[in-house]
Structures are given as C-alpha cells and as structure tokens.
Number of protein chains: 2
Amino acid sequence: MTASGQSEGAAARQKAKYHHGDLREALIAAAYGLVSEAGAESFSLADACRRAGVSTAAPYRHFKDREELLAEVTARGFDALTADTKRAVEAQGEGSLPAVIAMGKAYVAFAAGQPGLFRLMFGQPRLMGAFPQVSETGGGCFGYVIEQVGKYCRANGVERDANEVAVKLWTFVHGASSLLIDGKYEKVTPGLEVEELIASATPLLLGHKG
Amino acid sequence: MTASGQSEGAAARQKAKYHHGDLREALIAAAYGLVSEAGAESFSLADACRRAGVSTAAPYRHFKDREELLAEVTARGFDALTADTKRAVEAQGEGSLPAVIAMGKAYVAFAAGQPGLFRLMFGQPRLMGAFPQVSETGGGCFGYVIEQVGKYCRANGVERDANEVAVKLWTFVHGASSLLIDGKYEKVTPGLEVEELIASATPLLLGHKG
DNA sequence: AGAGCAAGTTAGCGAAGCTAACATTCCTTC
DNA sequence: GAAGGAATGTTAGCTTCGCTAACTTGCTCT
C-alpha cells in the first residue's frame, strides 16, 4: 500500500507504520512551516497532510477542525515572538534604553521574517477569543513588553504611567511591523529604514526631548 | 475607461430581466458589504452572487477572478478612508494640531467601523502589487496624510523632516487601528480609550514636549 | 429586420473541509 | 500471552467553492 521509503538507512528504522507516532506535533510543524512560507490565506489542511504523509482525514483525530490547528500554530508563534523579544532584551540588559529599542526591533524582525505567521497571530480575532492557548500566549507576549517598559521607566525616572508608555511603544512597533510586511512603506517612503524608525521614535514616545 | 460612461437608458428599465443592468457595480457593492460584515476570509464569490441575485458564473463576465473583485473592493475602501480622513481634517482646519489628531482618529474610526474591510485593504500585499487601482488609491490615501502633516509642520515651525514625522504618525495610528480591531488591547489594557491614545501620542511624535 | 456581441444561464471539473464507516495497531487486563 | 477495547490511522463520499465551457438571451447598430 504505502510505498515505504525504506532506503533511508538509519532513518529507515522509522518504518512506514500505520500509526504515525506523533501526528499531532507533525501537523503543527507542517502547518507552522506552511503558514510561515505562504500565509494562512492559502494554507490548506490537505497540504499539511501531504507534508506529514497522512490522509486528509487524519487530522480530525487530533483537531476539531482547521481553525483549531491554526490556533495551535498561532500560540506557538506567540511563544516564538516572546522568546525572540526576551533574547533581544537580555542581550542589552534589562531596563536600559537600548533594551527597549532592541525589543522593538526584534518584534519587527519577527514580523518581517515570517509575515504569514505574524498576520495569522494578529488579524484573526476569532482565534483569540475562542482558544485559551492563543489568548494566554498572546497575553504573555504583550505582558512581557509592558513589564520591560515598566522596568525602564522605573530605572530611568520616566514619570509617565509605565503602562501607558508601554502601550504607546507597542502600538508604534506593531504599526511599523504591519506596514512593513504589507509593503506600504515602499510606495510612500522607498528608502525607509525601519530599524532607524524604531530607534528614533522610541525616545519620543518615552517622553524624551526630540 | 470607466464602464459607467453609457447613457442612462438601459439602466432605467428595471423590469425582471435576463440582463442585470449593472452587475459589475452590484457585485462590488455586495462584496463590499459582505467583506465589511464578515471579513475577506469568509467571503465567497458565491455569496456575492446570491446577494446580487445571479448565477455563480456571472461574475466572470466582469472580473477575471475572485481576487480582481476583491481588489476593486480594496480600492473603494481606500477611497472611503481618504474621504473620511479629508472630512476630519477640513472640519478642524488644515495645518492645525487638532486637524492632525482628527485625522488619526478618523483613521482608527474607519478601521473600527469596518474591520473586515480594513484588514482586506492592508494585510493583502499581493493585491497591492498586482492591481494598479489598489496601489493608486492606497498611495493617494497615504499621500494625503503625508501632505497634511507637511502642512502642519510648515505652519507650526516643526523643524523635523515632515516626511519622517508623517511616517511616524501614520505608523502609530495604523498600529492603534490594527491592535484595536484585533482585540489585543482588551486583554492588556481593558480601559484603554484609543482616541485618547492618539491624542496624547500625536504631540510626542511631532516632537513636542511630553 | 437581422447580425453580432455583451452578458446572462446551466453543467461540470477539481480541490477543499468535514463526516462516517472501516482497518490497524497499541495497551490493558485476565 | 491472548482478547478486546481504545486510539489512530484509512477510504469513500457529501457539500461548497472557484473556475471554465458551451449554450441562450436580448441589446444595439446598421
């Protein structure tokens, strides 16, 4: 029936078995890759099945429907974004201005690197509302941003409400990410360097002198 | 060449007829409504056909495919956004700070009022690249924003490069719109008033003192 | 009036999401 | 260690959708 590619040497030990082993994770990985590459619009469950080497009915043993799989991908995306952001902050030292700027740049870099995934993570309010893992991981991501801005404010005597400042920064960085990956900047300001945009806007939004 | 250049004779006869009269416009209107109501994700050409009272093959006399119809909807969306923005500016008087703030509020209000349409207009870079009417109307919209910020800067002695300032404001306002309609603010800052956010961030980005 | 074209129609293909019914393997329990 | 149920695959098939082909209708223009 299934032509098992047993000529793979060591990997051949992974015999072509009826049961996949961990199809759930394999499907999430396949979907994550497909969404990152081509976006959620054109993503099809059938594609993910082909990539995982199973029939198109198999996913329904692990996910209620297409949306539930995408919700899991979304949650993983938020985890990845949070991890990127943390790495950027820690490389600069918590509570410093460079850390805040690096955080913004990491956010933009994530969006630019995987625009399809980024659009899935935002742009799908239904997922947020319906799946707890999405709202949890998403909330964790924004929560981290707010926490870091709070640290900066306290450490540097910024008198504004830290929460308010954080929301402003997040808003700006998110806008930059969206406009960048949607190609809107290109039309209007062809030579724009987004990293520089972040670096120059951050102090303004922190309330420093222009 | 616009198709509406013909005389009113044919369209005036509203009898139950084989030929629709102006199916192209009817389909655009139906699609505009459906996208505004439910988003482009769940939009189907078949739905638009039902709403227009016509078979599912009929659209192909007027549009190459589903995307071409959505591109037209996108262009209309940009026209509407530009119109809203202009109205807001003119109500406050060009070149004033209230005008700049009103412009931002109008942008956010447009997004909040028709989130599905807003997401279609942004979030679909393919449409921008492939259809001239999209990149024209889109460019016109952003161009207007930049022009208005330029007027403010010149009128009020803001020394920064007006283009740079405009991009910052646009970025912020766009980010606020996106996060708002995607429900992200709700999770993190439940009591947030977006209008106030715009009003307080605008002076900062214009380089005024915090 | 009749030719020709514009703009509708029905029919049907292939792909997708999803469900139902069947098949195989895993795992517990005697 | 075999029996059998639970888990997890499969195939078959339904419906919807995007799109095309081939046909039909009726408007327009000499």
Side-chain angles (χ1 to χ4, degrees), chain A residues 1-4 13-31 34-35 38-73 120 124 126-127 130, chain B residues 1-31 34-35 38-73 120 124 126-127 130:
Chain A
M1 167 179 293
T2 49
S4 65
R13 254 299 151 220
Q14 318 219 346
K15 50 215 166 192
K17 49 200 171 193
Y18 190 89
H19 287 99
H20 181 281
D22 196 352
L23 182 55
R24 182 183 159 85
E25 282 302 317
L27 285 171
I28 294 171
L34 288 167
V35 167
E41 308 278 308
S42 65
F43 167 78
S44 82
L45 214 39
D47 275 344
C49 289
R50 271 169 229 125
R51 188 169 277 205
V54 294
S55 74
T56 60
Y60 296 92
R61 297 292 169 199
H62 301 276
F63 303 95
K64 180 175 159 290
D65 54 18
R66 189 189 115 113
E67 267 213 334
E68 191 171 293
L69 172 54
L70 285 179
E72 192 57 44
V73 171
L120 173 66
Q124 302 283 6
R126 262 191 320 239
L127 294 182
Chain B
M1 182 69 84
T2 51
S4 55
Q6 300 191 355
S7 66
E8 307 295 341
R13 310 191 170 171
Q14 291 282 350
K15 45 190 173 186
K17 58 210 161 193
Y18 190 87
H19 286 98
H20 182 281
D22 196 352
L23 182 56
R24 183 183 158 84
E25 282 302 317
L27 285 172
I28 293 171
L34 287 168
V35 167
E41 307 278 309
S42 65
F43 167 78
S44 82
L45 214 38
D47 275 343
C49 289
R50 270 168 230 128
R51 187 169 278 202
V54 86
S55 76
T56 61
Y60 297 92
R61 297 292 167 200
H62 301 277
F63 302 96
K64 179 176 159 291
D65 55 17
R66 188 189 115 114
E67 269 212 333
E68 191 169 293
L69 171 55
L70 285 179
E72 191 57 42
V73 170
L120 173 66
Q124 303 281 5
R126 262 191 319 241
L127 294 182

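Values below: all heavy atoms of this structure, side chains included; hydrogens, waters and symmetry mates excluded. Every chain is numbered from 1 and lettered A, B, ... according to where its sequence line falls, protein lines coming before strand lines.
A distance of 8.0 Å separates CZ in B/F63 from CG in B/L23, rounded to the nearest 0.5 Å. Atom CZ of B/R51 is separated from atom CG of B/D47 by 8.0 Å, given to the nearest 0.5 angstrom. Atom OG of A/S42 and atom CG of A/L34 lie 8.5 Å apart (nearest 0.5 Å).
Atom CG of B/L23 and atom P of C/dG8 are 5 Å apart (whole Å). In this structure, CD of A/E41 is placed 14 Å from P of C/dG17, rounded to the nearest angstrom. Between A/L69 atom CG and C/dA16 atom C1' the separation is 15 Å, expressed in whole Å. In this structure, A/D22 places its CG atom 16 Å from P of D/dA7, rounding to the nearest Å. The separation between A/R61 atom CZ and D/dT11 atom C1' is 12 Å, rounded to whole Å.
A 4.5 Å side-chain heavy-atom check between A/R24 and A/D22 finds at least one atom pair inside the cut-off.
Judged as a side chain to side chain donor-acceptor pair (under 3.5 Å), the pairs with a partner in residues 54-70 of chain B (not counting sequence neighbours) are, in order, B/E67-B/R126.
Distances shown here put a side-chain N or O of A/H62 below 4.0 Å from the OP1 or OP2 atom of D/dG9. Listed pair B/S55 / C/dT9 meets the phosphate criterion, a side-chain N or O lying under 4.0 Å from OP1 or OP2.
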Please tabulate, one pair per line, each protein N/O and nucleotide N/O from nucleotides 16-19 of chain D that are separated by under 3.5 Å, including the distance.
residue	atom	partner	partner atom	Å
D/dC17	OP2	B/R50	NH2	2.7
D/dG18	OP1	B/L45	N	3.0
D/dG18	OP2	B/L45	N	3.1
D/dG18	OP2	B/A46	N	3.2
D/dC19	OP2	B/Y60	OH	3.2
D/dC19	OP2	B/R66	N	2.8

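Take B/E25 and apply the salt bridge (charged side-chain N to carboxylate O under 4.0 Å, His left out) test, not counting sequence neighbours, and it matches B/R76.
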